[in-house]
Amino acid sequence: MESVMDLTLVGGGLVVIGVGIGIGLTGKGAMEAIGRQPDASGKIQVAALILAALVEGIGFAALFAL
Amino acid sequence: MKKQRHLAFTVLIFFFGLTVGRSSTTFSEKDKSEKGDIKSEIKEYINHHLKDSHSFLITSYKNEETGEMVYIELPLPIILYDNGLRFFWSSDFKHGEKVVVSGENYYKLEYHDSRIYKTDKEGTIEYDAEHHPLNEKPLDFSITKNVATILLVSILMLLLFVSLAKSFKYNKGISKGMGRFFEPIILYIRDEIAIPNIGEKKYKNYMSYLLTIFFFVWFLNMLGLTPLGVNVTGNIAVTFSLALLTFIITNVTANKSYWGHIFWMPGVPVVIKIVLAPIELLGVLIKPFSLLIRLYANIQAGHIVLMSLIGLMFVFNNWVGGSLSFGLAFFISIIEILVALLQAYIFTMLSALYFGFAVAEYDEEH
Amino acid sequence: MENLISQFSFGLFVWQTVIFIALIYLLKKFAWKPILDSINEREQGIKDALLSAEKAREEMASLQLDNELTLKKARAERDTLLKEAREIKQKVIDDAKTEAKTEAKKIISQAKEAIQNEKNSAIVDLKNQMADLSVGIAEKVLQSKMSEDKAQMNLVKELIKDVTLK
């Protein structure tokens, strides 16, 4: 019982790391895109937010499935 | 010393806009390890706050002389369905200490999970190994704290936006008063959320839903940060209901090509079509699921973090740690205001996106 | 997940759904529809106003163009008129000059003719007078020296010879 609990916590940690990397990459891409094309910043922001939300959603799904 | 600390905790919680349920009654009983005591007390405080409650508690303190807890609260009506409807007030429970008789049934409020259970005359509740009550639960349609808050927000929205609509009428198309602040937001939702995602042709059908859901979620999120301390959008039942509506609207209004893309993806080999169909079908369910979990988890997590930081001040119990966690709590509460808006925006945005998928007109060879 | 399910409250779910649907319906009827309609109306009004302004501007521009064209035309016309006038003036002056010249010539020639005539008549007159004078002289001479016919005749002849017409 104890060891199983530990493993789920490790899994949760991995999920959080994965989601963190995902959102970080999304943000990086968005920032670079805005840097390249400041005119399209509105559209890029919306797209980035949606993508971040989707990545986050996967993370939540995994965390709550624990 | 202890009493002062408890009072300070309540005041600070109030200051940061998070009033919580009763403090631990184990105060006078357990006087052993102080650190462990305050930790478990904070934990219970937070846990209780996150849950729905049957009464609208404003604050509570311990009477020095009698040693009894004094609660300042608004009682709310309890409505149970158990072989007929039963009504009484939440104050009858006396915070889980009294058994309420209604008809020939006995009911008791279990404090730990804030649920009402059917009991015998003495009000005994049996627990299983993991401390889950085994007693029978009546169907509970009480006007709980969350339901009352939802009603409050609904009335507020009706007043606000009906007056905005009227001001348009009387001022020949120019808004006046409070509505002025909300008009640009309405325009933003129309021009930046609805039209780009759903399309010029069909966005009008969804505008009412998108506007209502945006303001509803936003107002409830903000209300969660006020001293009312309600946690409505951080409640799974509420977000489930919201996401379910999005799910139903998406699927009811979906056109043929939407279903076509799910069950028989055009333009790919037959084998992949067969593989894709269950994945796409799963996606249909995952989309609203992520919607409900996202809102729930963000608001829930925000409340937990904020309250834990406030609680941390009492764990540290010194100037350095206290002021540090005070600053952090202040910072987080500002972040939470942003999150309140952002989550409402994302919920609306994603709903619009899903509606957009449902009504999109694809070319044949796409 | 278990935690989530155990937290789920059916009563709250029902209340939330009912209240929310009622809220959507009421807001749609009494708030969103009028608000969006009046916003649309306002936007349509602005669009129309802008369109008509654009139209007016275009009309103005075309009008200006017309004006300019007519102005140009008028200017050209004026120029040609002026040119013509100048030409006519020159012609008139020239004509007048030539006419005057011919007239003057005519007058001069007439004057010359008249002078010639006068001169001729004067000469004739003079000749006649001379003749008369000669006759007179001759008479006187004759009267005095009528004795010798021959000498007289010679004298007359000599006298006449001396008289030259100039």
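Chain A is the first sequence line, chain B the second, and so forth, proteins listed ahead of strands; every chain is numbered from 1.
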Chain C contact via F182(B) - which portion, at a heavy-atom distance below 4.5 Å: neither
Option that, when pairs with chain C are counted at under 4.5 Å, heavy atom only, ranks first among L244(B), L139(B), L245(B), T144(B): L245(B)
Heavy-atom pairs under 4.5 Å with chain C, option from S163(B), S154(B), S241(B) with the top count: S241(B)
Point-to-point distance, once rounded to the nearest 0.5 Å, from CD1 of I123(C) to CD of Q116(C): 7.5 Å
Residues from residues 48-64 of chain C approaching chain B under 4.5 Å (heavy atoms): none
T246(B) side, atom OG1; N251(B) side, atom CG - distance, nearest 0.5 Å: 10.5 Å
Where at least one partner belongs to residues 70-90 of chain C, residue pairs that pass side-chain hydrogen bond (donor to acceptor under 3.5 Å, both in side chains), sequence neighbours excluded: none
Smallest separation among heavy atoms of F161(B) and L27(C), with atom names: CB-CD2, 4.0 Å
Pair W32(C)-T212(B), side-chain donor/acceptor within less than 3.5 Å: yes
Region of S142(B) in contact with chain C, defined by heavy-atom distances below 4.5 Å: backbone
More than 12 heavy atoms from other groups under 6.0 Å of OH on Y25(C): no
Nearest-0.5 Å distance, CD1 of residue I137(C) to CG of residue D132(C): 10.5 Å
Spacing of CG belonging to D37(C) relative to CD belonging to Q44(C), to within rounding of 0.5 Å: 12.0 Å
Side chain proximity check, Y188(B) to P184(B), heavy atoms < 4.5 angstrom: no
Chain C contact via L160(B) - which portion, at a heavy-atom distance below 4.5 Å: neither
E99(C) atom CD: more than 12 heavy-atom contacts under 6.0 Å: no
Taking every non-hydrogen atom, the tightest pair across A165(B) and F30(C): CB-O, 3.5 Å
Residue pair N146(B) / N231(B): nearest heavy atoms and the distance that separates them: ND2-O, 3.8 Å
Residues 190-208 of chain B: residues contacting chain C (heavy atom under 4.5 Å, by number): R190(B), K204(B), M207(B), S208(B)
Residue from N235(B), L220(B), T233(B) passing side chain to side chain contact (heavy atoms under 4.5 Å, CB included) with L295(B): T233(B)
Crowding at CD, E41(C) (>12 non-hydrogen neighbours, <6.0 Å): no
Interface moiety of F216(B) toward chain C, non-hydrogen atoms closer than 4.5 Å: side chain
From L292(B), L285(B), L242(B), V252(B), residue fulfilling side chain to side chain contact (heavy atoms under 4.5 Å, CB included) relative to F247(B): L285(B)
Close contacts, residues 9-20 of chain C versus chain B, judged by heavy atoms under 4.5 Å: S9(C), F10(C), G11(C), L12(C), F13(C), V14(C), W15(C), Q16(C), T17(C), I19(C), F20(C)
Value rounded to 0.5 Å, distance of CG in N298(B) from CD in Q300(B): 10.5 Å
Top contributor to chain C contacts, counting heavy-atom pairs under 4.5 Å, from V232(B), I213(B), I155(B), L151(B): I213(B)
Spacing of L76(B) atom CG and K145(B) atom NZ [to the nearest 0.5 Å]: 9.5 Å
Chain C interface, residue from D140(B), V162(B), L211(B), I150(B) that has the most non-hydrogen pairs under 4.5 Å: L211(B)
